[in-house]
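Scroll down for the structure; my scribbles are underneath it.
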Amino acid sequence: MQEAIQQLFTPTGLFLIVLGTSLGIFVGAVPGLTGTMLIALILPLTYGANPQYALTLLISVYVGAVSGGMITSILLRMPGTPASIVTTFDGFPMAQNGHAERALGLGVMASFFGGIVSWGFLVLLARPIALLSTKFGPFEYFSLVMMALVLIASIGGKSISRSLFSGFLGILLSMPGIAVATGQTRLTFGITGLIDGFKLLPVLIGLFAVNQIFRDIMDIKNESKMEAIETQGVALRFKDIADHLFNLARSSVIGTWIGLLPGIGANIGSVTAYTVAKSSSKTPEKFGTGHDEGVVAGEAANNATIGGALIPLISMGLPGSVVEAVLLGALVIHGLQPGPRLFEEHPVMVYTIMGAMLLANIAMVIIMRFSMRGLARISKIPRTYLLPVILIFCVIGSFALSNRLFDVWVMLGFGALGFILESNKIPLAPFVIGFVLGPIAEENLTSGLISTNGSWLPLVTRPIPLTFLLVALTMLCLPWIRKRFAKTAKPTAAE
Amino acid sequence: MKFPRHILSVLVSILICILLFWRLSNISGSGMTDFPNQPIQVVVPYAAGGGTDVFARTLQKSINARENLPQPFVIINQPGGVGTIGSRFVYGSRPDGYRILCINDVVITTQLSGTVNYGPEDFTPIAQTGNLTTLVAVREDSPFNNLSDLLDEAEANPKSIRMGADVGSPAFFNSKLIEASRPGAEVNYISSGGGQKRFTQVLGGHMDAAIFSLGEYNGFLASEGTPPDQNIKAIAVLDGERSRFYPDIPTATEQGIPIYSGNAYYWLAPKGVPQPVVETLAGMFERCLEDPVVMAELERQSIGIAFRKGDELAEFLSKKKRDLGGIEPEQAPDVPNFPNWVIAIVAVLGLSILVGKFRKPDPRGDRSGEGAIALMAAGIMVLYIACLQLGLPYGVVTTPALFFIGATLAGWQRTKLIPIAQLALFFGLGSEFVFTTLFSVPLP
C-alpha cells in the first residue's frame, strides 16, 4: 500500500490526477464528447507508460467526466454526459431562476459525497460484495432489471400513458440488430449498418443535445432572455451537506449498488436515485421546477456508480460498463490479468486504483470550486457561436464511437425523434430507461428460458427473483394507490 | 470576456494561420509512389482494450518502431455486430492495401451462422500471426472431469447440460463439434456475452460448463486453497497440443474429439490487393514475430506464436471453414417473440395518446419560434454529413458547415460574419489537428 501511496504523491502522480480530472471535466461538460471516448482515445497513448501512472490518469478522467456532465446540464439543459440527464430536470430551472452557481455548488458537493461514499464501499467491501454477483443467474438479473424498468411509469411527466409509450418506444428501438441471447438478426430491414442496432451514445446525444440545440435555434431571436440569466448566491456551503444528509446517503448507496451491476451503469443510477428521491420526498411536486433535492440525488448517484462499478472490476475482473471494459483493457495491456488473483498478485495496482479515485474526487471539487464562476459564464456565450460548435462536437463524438458515419445519421435521426416526442409532451427519460434496460431484461429472460427449456417457474420459485418482482409490483402500484387516496379527498383528476 | 476583443481576435487569427500552414503542408507531403505512401489503416472490429485490439496494438507498436515506414500503421476500432461492422467496412473498401482487417475466427463463424454473406474466401489473406488456445472449464467441485463425463450426462438427459458459449461465436462452433461427436447428446447453449460473465455464471451454478480463452482462464483461476465452489477447473484444451501453462489438462483430440485450433488472429485485405503489396505486408508481420518484445508481450497475453501466409493460410482458413461448417446449424431457440409484443404495446399506447389528443387538443403555442432558421440549420447539417459520407476531407467540409450554420443563426448580420468565419476556421482546422495528430483518430 505504501508503494502505491508514494507513487500517487509524486509530482508526476499528482499532475496526472489534476490533468486527468480537468480533461475529464472538459469532455464531460461538452455535449457529444464523453469520458468513455476520451478514455478509449488515451488508452493507446498510455501504452508505453508506467502502468500505475496510466491507471491513475484513466481513473481521474473517469471521475472528472462523470462530474463534468452537470455543467452543461445545469447551464444549457444539454446533458454533457448521459449520466447527468436527470440533472437537467432541476438544475436548468434553477439556473433560469438565477441560481446557476448554487445549482453547480450543490452538484459538486453531491458528486463529491457520492464519490466518497462509493469509495468507502470499494475499499471496505470490494471482495465480499463481488462474490455476491455469482448468486445472480439470468432470472435474478431479469427480475432485478424489472425493478428498475417500472421506474418508467413514475419518472416522467404527469401522464402515465405517455411515459409508458415513451418507455416502450425506447425498448422497441433498442431491438434491431443481433439479439445477444439467440444470435439472430432482427428488425434491420436489410440495412447492413443496423446489424449492431442503434448504439446508446448517438441515440442519447441525439435525443438530448441535438434536440435541445434545435430548440435553442428556434428561440434564437429571444437570445437576450437567455443572456439575462444572472448568477448570484454562495456556491459551496457545508450546511447543504447537513440539510441533505439523508438524501445524499440514500442516493449514494443506490448509485453504488447500481454501479455494481454489470451493464446498467451511471445513467440508470442517477435516474433511479432521482425517482426514489422524488417519490419519498415531502414535496414531490417541486421536483422539475428547480428543486435542490433533485440536483443532489442525481449527482450523488452518478458519481457513486464509479466506486460501485470498480468493485467487480478489481475484485473479479468484471467490467460493469463500457468505461470499465476499457479500463479492463488497460490492465491487460499493462500485463495485469484482472480476476480474483489481482488483489493477491498486484496489490499495488489495486491500491493505486483506489487511491486515484479518492484523489481525483478531491481534485474534482477543487477544480470545480475555482472554475465555477468562469463556468457559469458558459451560459452567456452568444448562442450564435456556441451552438454550431456543439453540433460539430456531437458529430465527432458520434463518429468516434465506431468510426463510421452511420452513427452520425442515427444521432441526427434521434435528434428529430426527440424533438417530435417533446413537442408532443412525451417525456424522454422513460425512453432512456427502456432503451438501456429493455435489452438487458430481454437478454436475461431469454437466456433463462433457454436454460430451463422454456419454463418461467424459477421467477416465482427462487427467492431472489420473487422478492425483486414483488418489490417491482409494489413500486408500479404505488402511484395508483396514492392517487386513490388523493381521489377520495378530491375526486376530479382524470388518468 | 477578460481579453479586449481585438487582442483575442488577433490571437485567434495567428493560430488560424499556423493551422492553415499545417493543413496545407500535409497535402503536399504525400507525393511518393512506393507503398506505403499514406497511413495504413488497420480495422479492429472490437472496442479499444478488447483481446483483438490489444493483440493488434502489440504488433502495430513493433511495426511502427522497427520498420521505418514513411507512413504509420493506425488502428481504427469499429466495434459491434460480432465483428461484422468492421469486417464489412474492409470487405467493401478499395483493394489497395491501405485498409486491412485484424480479426479472428469470427470471420468464418459469422458467415456460417448467416449474419453476413461473405467469408474468409472473399478477402485476400495476408497472414495469421497468433494462435488462441481455448479451454472448456467447469466449477472445481463439478462431477464432470472430462468431456466424456459431460457428454454422458448430455446423452442421458438431453438439454440438461447448460454450456456457456455465445451462439454463433467460434467457441459455440467448437462446442457444437464436441456435441456432434456423441450421437444422441443434446447440449443447451446459453449466451451471456463476455468471458467474465460466463465465469460468474459458472461459479454461481447457472451454467454447468463454459468455454474460456487461455488468457481469461489464467485470470479467473483462483489461488490454491480457494473453496472449490469459488474456483474453476479446465477439463479440455481445444488445441492441437497441450498448453505449456497447464500440461496436465488433456486436449479434446486426446479425448477423441479432433479439434486442432481454438481460435486464431488473421490479417485480411479486401479481395484483389496486388500481390507485391500483400508480400510487403506479410513480411512486416513475419518480422514482428521475431521481435523479442512482441514475443514477450504475446507470452504475457497467453497467445501462441503461429505464422501462416499466402496459399498455406488460404488452405488453413478453408479447412477450418469445412470443419466448422459440417455441423448442423442451430435451430432458433423456441422463445416468445418479444419484438412483436413490444410493437403491439407501442401501437396500443400510441393510439390511445392520439385519441386523447384528438379529444382535447393541446392549447400550446411554443411552435411560434423561428422554425425556418431551425430547418435551415438542420438542412445544412444533413448536407454536411452527406458531404462527409461522400469522402470529402473533414476540415474542408467542416469549416464551411460551421460558417453557414453560424451565419444562418446570426441572420447574416454583417458585423457577425467575420467572427463567425474566424470561429469556423479555428474550430474546423483545430479539431482536425487535435483528433488526427494527438489521438490519431481517422476523422470522416
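- Taking B:Ala410, B:Gly204, B:Gly168, B:Pro339 one by one and counting their heavy-atom pairs under 4.5 Å with chain A, the maximum is reached by B:Pro339.
- Your options are A:Ser447, A:Ala179, A:Ala40, A:Gly193, and the one with the most heavy-atom pairs under 4.5 Å with chain B is A:Ser447.
- When heavy atoms are compared at a cutoff of 4.5 Å, B:Pro45 does not approach chain A at all.
- For A:Lys199, the side-chain hydrogen bond (donor to acceptor under 3.5 Å, both in side chains) partners are A:Asp196, A:Ser402, not counting sequence neighbours.
- With a threshold of 4.5 angstrom between heavy atoms, B:Glu297 approaches chain A through side-chain atoms but not through N, CA, C or O.
- When heavy atoms are compared at a cutoff of 4.5 Å, B:Ala407 does not approach chain A at all.
- The candidate with the highest count of non-hydrogen atom pairs below 4.5 Å against chain A, out of B:Val348, B:Ile190, B:Thr398, B:Ile380, is B:Ile190.
- Heavy atoms of B:Leu402 lying under 4.5 Å from chain A belong to its backbone as well as its side chain.
- Heavy-atom distances place the backbone of A:Phe136, and not its side chain, under 4.5 Å from chain B.
- Heavy atoms closer than 4.5 Å to chain B are found in the side chain of A:Thr185, but not in its backbone.
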Test side-chain hydrogen bond (donor to acceptor under 3.5 Å, both in side chains) on B:Gln301 and B:Thr58; report intermediate values, then the result. CA-CA 10 Å; B:Gln301 294 169 25; B:Thr58 308; 3.1 Å; yes
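- A perpendicular orientation is assigned to the rings of B:Trp341 and B:Phe338, their planes being inclined by more than 60° (bins at 30° and 60°).
- In terms of heavy atoms, B:Gly86 sits closest to B:Gln78 at CA-OE1, 3.4 Å.
- By the neighbour-count criterion of 12 heavy atoms within 6.0 Å, atom OH of B:Tyr384 is densely surrounded, having more than that number from other residues, nucleotides or ligands.
- Contacts of A:Leu172 with chain B are made by both backbone and side-chain atoms, with heavy-atom separations under 4.5 Å.
- Atom CZ of A:Arg215 and atom CG of A:Leu387 lie 13.5 Å apart (nearest 0.5 Å).
- At a 4.5 Å heavy-atom cutoff, the contact between B:Val382 and chain A is made by backbone and side-chain atoms alike.
- The backbone N or O of A:Phe399 sits nowhere less than 3.5 Å from a side-chain atom of A:Asp407 that would complete a donor-acceptor pair.
- Most heavy-atom pairs under 4.5 Å with chain B: of the set A:Leu327, A:Val389, A:Leu386, A:Ile178, this distinction falls to A:Val389.
- Within the 4.5 Å cutoff, the side chain of B:Leu409 has no heavy atoms near those of the A:Arg383 side chain.
- When heavy atoms are compared at a cutoff of 4.5 Å, B:Asp166 does not approach chain A at all.
- Contacts between B:Arg162 and chain A at a heavy-atom distance below 4.5 Å involve the side chain alone, from C-beta outward.
- Note on A:Ile426, A:Thr192, A:Val408, A:Leu194: by heavy-atom pairs under 4.5 Å with chain B, the leading option is A:Thr192.
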Take A:Glu140 and A:Arg462 through the salt bridge (Lys or Arg N to Asp or Glu O under 4.0 Å) test and state the conclusion after the steps. CA-CA 9 Å; A:Glu140 281 80 5; A:Arg462 287 195 206 157; 3.4 Å; yes
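- Between A:Phe406 and A:Trp409, the ring center distance fails the sub-6.0 Å criterion.
- Heavy-atom distances place the side chain of B:Ile345, and not its backbone, under 4.5 Å from chain A.
- Residue A:Pro138 touches chain B through both its backbone and its side chain, counting heavy-atom pairs closer than 4.5 Å.
- With a 4.5 Å cut-off on non-hydrogen atoms, A:Leu43 touches chain B through its side chain but not through its backbone.
- Contact of B:Gln201 with chain A is made through the side chain alone, with heavy-atom distances under 4.5 Å.
- Annotation: side-chain hydrogen bond (donor to acceptor under 3.5 Å, both in side chains) contacts of B:Asn231 (sequence neighbours excluded): none.
- When atom types are taken as modelled, the side chain of B:Asn77 and the backbone of B:Tyr46 share a donor-acceptor pair closer than 3.5 angstrom.
- Within a 6.0 Å radius of CZ in A:Phe168, other residues, nucleotides and ligands contribute 12 heavy atoms or fewer.
- Only the side chain of A:Leu187 comes within contact range of chain B, judged by heavy atoms closer than 4.5 Å.
- Looking at B:Thr408, there are no atoms closer than 4.5 Å to chain A (heavy atoms on both sides), in backbone or side chain.
- Contacts of A:Leu169 with chain B are made by both backbone and side-chain atoms, with heavy-atom separations under 4.5 Å.
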Between A:Ile396 and B:Ser431, is the side-chain contact (heavy atoms from CB on, under 4.5 Å) condition met? List the steps. CA-CA 9 Å; A:Ile396 297 177; B:Ser431 59; 4.1 Å; yes
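- When the candidates B:Ile85, B:Val54, B:Val43 are compared by the number of heavy-atom contacts under 4.5 Å with chain A, B:Ile85 comes out ahead.
- At a 4.5 Å heavy-atom cutoff, the contact between A:Leu445 and chain B is made by side-chain atoms alone.
- If you measure heavy-atom distances from B:Phe427 to chain A, the contacts under 4.5 Å come from the side chain alone.
- Between atom CE of residue B:Met163 and atom OG of residue B:Ser191 there is a gap of 12.5 Å, rounded to the nearest 0.5 Å.
- B:Phe199 has its ring centre less than 6.0 Å from the ring centre of B:Phe220.
- Heavy-atom distances place no part of B:Ala47 under 4.5 Å from chain A, backbone and side chain included.
- At a 4.5 Å heavy-atom cutoff, the contact between B:Ala378 and chain A is made by backbone and side-chain atoms alike.
- In this structure, chain A has a heavy atom under 4.5 Å from the side chain of B:Thr84, while its backbone stays farther away.
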